[in-house]
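Below is one structure, written out as structure tokens, with a few remarks after it.
The sequence lines fix the lettering, A, B, ..., with proteins before strands; numbering per chain opens at 1.
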2 protein chains.
Amino acid sequence: MARAAGVSIATVSNVLNRRNVPLAEETIRKVEDAVQLLGYRRNEMAASLSRKKTYELGLVLPHFNGYFADFAHAMQDVVHQFGYHLSVYSSTGKPELEKRHMETLLRRRVDGLFCHGLAMNPETTRKFVGEGTPMVLFNAYNWPENVALGAVNLDFAGGAEKAVLHLAERGCRQLFYISRVRARTTNQQRLVGFQRGVEGCGIPHRIIPTQGMYEDEIFESIEDVVKQGEPLGILAFDDGDAFMLISRLQARGYDIPGQIKVVGINNQSVAQHNWPSITSLDIDLDNQVSHAVCMLLQHLEEGAALRNISLERFETVKPTGSPAHEIHIPMRLIPRMSTE
Amino acid sequence: MARAAGVSIATVSNVLNRRNVPLAEETIRKVEDAVQLLGYRRNEMAASLSRKKTYELGLVLPHFNGYFADFAHAMQDVVHQFGYHLSVYSSTGKPELEKRHMETLLRRRVDGLFCHGLAMNPETTRKFVGEGTPMVLFNAYNWPENVALGAVNLDFAGGAEKAVLHLAERGCRQLFYISRVRARTTNQQRLVGFQRGVEGCGIPHRIIPTQGMYEDEIFESIEDVVKQGEPLGILAFDDGDAFMLISRLQARGYDIPGQIKVVGINNQSVAQHNWPSITSLDIDLDNQVSHAVCMLLQHLEEGAALRNISLERFETVKPTGSPAHEIHIPMRLIPRMSTE
DNA sequence: CTGAAAGCGCTAACAC
DNA sequence: GTGTTAGCGCTTTCAG
């Protein structure tokens with residue numbers, strides 16, 4: 001390659017990346033011609049190995065579906081803006097896969113790691129990741145400080161509370177939360193907010209645990225309330241669940257929002273497009289993602305001119321008692337037909 | 001590391017991967033202790049560089065949403081079974097990103113590439129990828145033989161034809177196809193099947209081009225037919241579109257499936273859970289993915305005992321005139337409430 | 001069975 | 001401005 005261009009090997013390397021070194025026009029042209037001719041493509045492994053930096057960031061997700069797809073796209077977008085590449089992996093909800101992906105990423109010596117809703121506990125995570133690789137977590141509530149640079153958490157508690165208030169205002173005399181037991185931490189947060197909300201306005205309520213929304217018991221409970229003629233308000237775990245619930249209620253002849261009002265969470269596209277459209281809690285992806293990337297990049301390019309992505313414009317909330325390295329992103333209630 | 005274990009550097013390498021070399025128990029234990037102690041984690045770049053093989057496969061997708069999420073999970077699963085790692089990238093529908101991701105993957109010297117619905121044309125693709133990296137394509141219809149090892153295509157044409165027949169059987173006297181113009185090739189295939197179907201049974205039909213299903217024109221056309229009292233059958237581009245369409249029709253007070261019957265494509269989860277549930281064309285993910293991975297691995301481990309994943313059990317179809325390196329996966333119609 | 005040595009393809013000093 | 005050289009952390013002959 002260097003020989004083909006008739007220059008030295010270092011010169012080639014110079015023109016190929018670091019143009020701050022003065023170079024003769026002629027030389028540059030010669031190298032670029034050779035690149036075309038030989039169909040040269042840099043070997044990134046060799047380069048990374050040598051420079052001890054990969055310019056690659058990893059993102060491990062519990063799924064690719066629904067909200068996570070949008071999230072991944074948003075992450076990719078801002079990471080690219082900073083000249084890094086983002087590798088996204090989904091663990092399909094399986095802890096083994098989560099571990100496998102993180103291992104692969106660490107073996108490949110990514111410059112940093114983002115993990116969304118880790119299944120591993122804090123202690124295991126700390127030991128597993130070690131000191132070398134900076135990490136930012138999403139939805140890791142009350143984790144010790146020594147495991148990651150920080151955590152960017154959604155304020156599900158605040159959101160759920162807003163939902164309760166909204167439902168109460170719209171005249172609901174009974175409130176249900178359909179609790180998705182598999183989603184441990186994130187479900188927990190919703191629960192906290194739901195409790196706080198119902199206690200605040202003293203409305204009778206029930207928490208209905210479920211695995212996949214198919215349990216008949218849910219519908220029995222609902223029927224109990226509806227037949228008393230009382231307007232019922234339901235908070236679902238997310239819009240996907242809200243959607244399925246509404247469909248099944250419609251199949252049983254219930255009137256939404258007449259007899260039952262439903263609110264979902266995440267503002268997924270299904271919430272917007274369903275009929276009736278579903279009131280939901282919107283996530284400010286931009287806010288979430290920008291904060292996380294800044295956390296990581298500040299660490300990586302310490303002091304370096306991190307083109308100011310200006311986090312000013314983003315609002316955050318500070319739940320009492322939350323650790324300093326955690327930031328919380330507020331959720332905004334979007335009223336739609338399902339609670340009219 | 002070698003020093004810590006008190007053995008030579010090559011011995012460490014030996015115990016760490018290739019156990020076919022005879023090793024003293026003692027040695028093995030010493031090395032493994034050292035691994036624990038030093039918190040050693042193999043540098044995959046160095047290893048790959050040296051062995052000239054990465055055991056990594058790349059998958060580039062147009063999106064992470066809907067069907068693609070399931071697809072990515074399925075791919076990941078079978079690739080893992082063969083001891084490779086799969087890196088999945090989404091181009092968000094943007095050709096620049098598709099190129100960027102492929103470039104990154106090629107620079108990282110992945111052992112093989114899977115591309116789903118490439119935006120690049122065959123000629124560009126061939127030049128871009130070059131000879132070095134074997135590639136398998138999804139939904140690349142009528143591509144020349146010299147660009148990829150092969151293509152695994154969905155038989156959208158056959159599927160659309162089945163849908164037309166189904167709608168006709170259910171008494172539809174007019175048929176619409178809502179054509180998604182942005183999805184060039186894949187929309188084209190559906191069109192072929194739709195045309196073939198309607199010509200076969202001589203039913204009046206219309207093709208309605210759309211970008212995002214929001215055009216009022218669609219609803220005017222529909223109203224025209226419905227007010228004649230004729231049952232209308234609609235084939236949508238996919239289940240997402242079918243879902244949105246149904247919602248909007250419901251909002252306008254139409255009765256599904258009474259006045260209008262709708263069929264979607266892909267059998268996404270929304271089709272199953274909507275009310276009314278949506279008749280759809282199911283994709284055999286297993287079939288698709290197994291064929292593709294086998295194509296690639298046959299090439300990579302030439303002659304090697306490719307644990308027979310037995311493709312026998314999978315059905316394929318052979319549309320007339322399709323090239324030999326293409327295989328076509330049939331789609332199965334799942335009747336649901338939307339066409340009852 | 002174990003160890004020494006030659007790369008893999010690049011980057012980064014540092015001479016020229 | 002350009003070339004030489006010493007690694008980066010592994011794998012892989014090939015001798016002991």
Side-chain angles (χ1 to χ4, degrees), chain A residues 1-35 37-56 83 85 103-111 130-133, chain B residues 1-35 37-56 83 85 103-111 130-133:
Chain A
M1 169 75 206
R3 200 163 51 253
V7 296
S8 93
I9 193 169
T11 307
V12 171
S13 184
N14 280 338
V15 12
L16 255 35
N17 20 32
R18 154 189 42 120
R19 310 217 151 208
N20 53 3
V21 177
L23 295 175
E25 289 233 347
E26 171 76 5
T27 315
I28 295 181
R29 207 187 38 67
K30 275 197 294 189
V31 172
E32 282 174 346
D33 285 357
V35 167
L37 195 72
L38 304 226
Y40 172 81
R41 176 170 277 138
R42 171 221 244 95
N43 184 325
E44 202 56 54
M45 296 180 297
S48 299
L49 182 59
S50 169
R51 83 167 96 83
K52 289 165 161 308
K53 165 134 190 168
T54 54
Y55 287 100
E56 185 178 348
H85 192 73
E103 178 71 28
T104 307
L105 253 8
L106 291 168
R107 279 218 177 89
R108 215 190 282 152
R109 299 295 190 266
V110 288
D111 293 336
E131 306 293 282
T133 314
Chain B
M1 171 76 206
R3 199 164 50 251
V7 297
S8 92
I9 193 170
T11 307
V12 172
S13 183
N14 280 338
V15 12
L16 255 34
N17 18 37
R18 162 191 31 126
R19 310 220 152 205
N20 52 3
V21 178
L23 295 175
E25 288 234 348
E26 171 75 5
T27 315
I28 294 181
R29 208 189 36 67
K30 275 197 295 189
V31 173
E32 281 174 347
D33 285 356
V35 166
L37 194 73
L38 304 229
Y40 172 81
R41 177 168 276 140
R42 172 219 243 96
N43 183 324
E44 201 57 54
M45 294 179 299
S48 299
L49 183 59
S50 168
R51 83 168 96 84
K52 287 164 162 309
K53 165 135 189 169
T54 55
Y55 287 102
E56 187 181 345
H85 193 73
E103 179 71 28
T104 306
L105 253 8
L106 291 169
R107 277 215 176 86
R108 215 190 284 152
R109 299 296 190 268
V110 289
D111 293 337
E131 307 293 284
T133 314

Show me the protein contacts with nucleotides 14-16 of chain C, counting only N or O atoms at under 3.5 Å.
none

Pairs: protein N or O with nucleotides 5-8 of chain D N or O, under 3.5 Å:
unit_1 : atom_1 : unit_2 : atom_2 : d
D/dG7  : N2     : A/S50  : OG     : 3.2
D/dC8  : O3'    : A/K52  : NZ     : 3.2
D/dC8  : O2     : A/S50  : N      : 3.3

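In this structure, the side-chain hydrogen bond (donor to acceptor under 3.5 Å, both in side chains) partners of B/T11, at least two apart in sequence or on a different chain, are B/S8. Residues satisfying the side-chain hydrogen bond (donor to acceptor under 3.5 Å, both in side chains) test with A/R42, not counting sequence neighbours, are none. By the side-chain hydrogen bond (donor to acceptor under 3.5 Å, both in side chains) test, B/E56 is found to be paired with A/R108, B/S87, B/R108, residues two or more places apart in sequence or in another chain being considered. Take A/Y55 and apply the ring-ring contact (aromatic ring centres under 6.0 Å, His included) test, not counting sequence neighbours, and it matches A/Y84. Residues satisfying the salt bridge (Lys or Arg N to Asp or Glu O under 4.0 Å) test with B/R109, not counting sequence neighbours, are none. Judged as a side-chain hydrogen bond (donor to acceptor under 3.5 Å, both in side chains), and not counting sequence neighbours, A/N43 has no contacts.
The NZ-P distance, from A/K30 to D/dG1, rounds to 14 Å in whole Å. Atom P of nucleotide D/dG9 and atom NZ of A/K53 are separated by 17 Å, given to the nearest angstrom. The distance between atom OH of A/Y55 and atom P of C/dT11, rounded to the nearest whole Å, is 11 Å. Atom pair B/L16:CG and D/dT11:C1' shows a separation of 12 Å (rounding to whole Å applied). Look at CE on B/M45: it is 15 Å from C1' on D/dT11, rounded to the nearest Å. Look at CG on A/N14: it is 20 Å from P on C/dG9, rounded to the nearest Å.
For B/S48 (side chain) and B/E44 (main-chain N/O), a donor-acceptor pair under 3.5 Å exists by modelled atom type.
Taking side-chain N and O atoms only, B/Y40 has a distance below 4.0 Å to OP1 or OP2 of D/dC10. Remark: A/S13 is in phosphate contact with C/dT11, judged by side-chain N or O atoms under 4.0 Å from OP1 or OP2. In this structure, A/S8 does not reach the D/dT2 phosphate: none of its side-chain N or O atoms is under 4.0 Å from OP1 or OP2. Using a 4.0 Å cut-off, some side-chain N or O of A/R42 falls inside it from OP1 or OP2 of C/dT11.
From A/T54, atom OG1 reaches atom NZ of A/K52 across 12.0 Å, with rounding to the nearest 0.5 Å. Here the CZ atom belonging to A/R41 is positioned 4.5 Å from the CG atom belonging to B/L106, to the nearest 0.5 angstrom. Expressed to the nearest 0.5 Å, how far CG of B/D111 lies from CG of B/L105 amounts to 11.0 Å.
Here the nucleotide nearest the side chain of A/A24, chosen from D/dG1, C/dT2, C/dC10, is D/dG1.
An end-to-end axis angle of 40° holds for the helix from C/dC1-D/dG16 to C/dC16-D/dG1, taken from five base pairs per end and rounded to 10°.
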Less than 3.5 Å apart, which donor and acceptor atoms pair up between the side chains of residues 21-31 of chain B and the rest of the protein, not counting sequence neighbours?
unit_1 : atom_1 : unit_2 : atom_2 : d
B/R29  : NH1    : B/D33  : OD2    : 2.9

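Counting any heavy atom pair closer than 4.0 Å across all strands shown, A/S48 reaches no nucleic acid atom.
Across the interface with DNA chain C, nearest-nucleotide mapping of B/R109 and B/G6 shows B/G6 to be the residue nearer the 5′ end.
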Let me see the working for B/L16 and B/V35 under side-chain contact (heavy atoms from CB on, under 4.5 Å), right down to the final yes or no. CA-CA 10 Å; B/L16 255 34; B/V35 166; 4.3 Å; yes

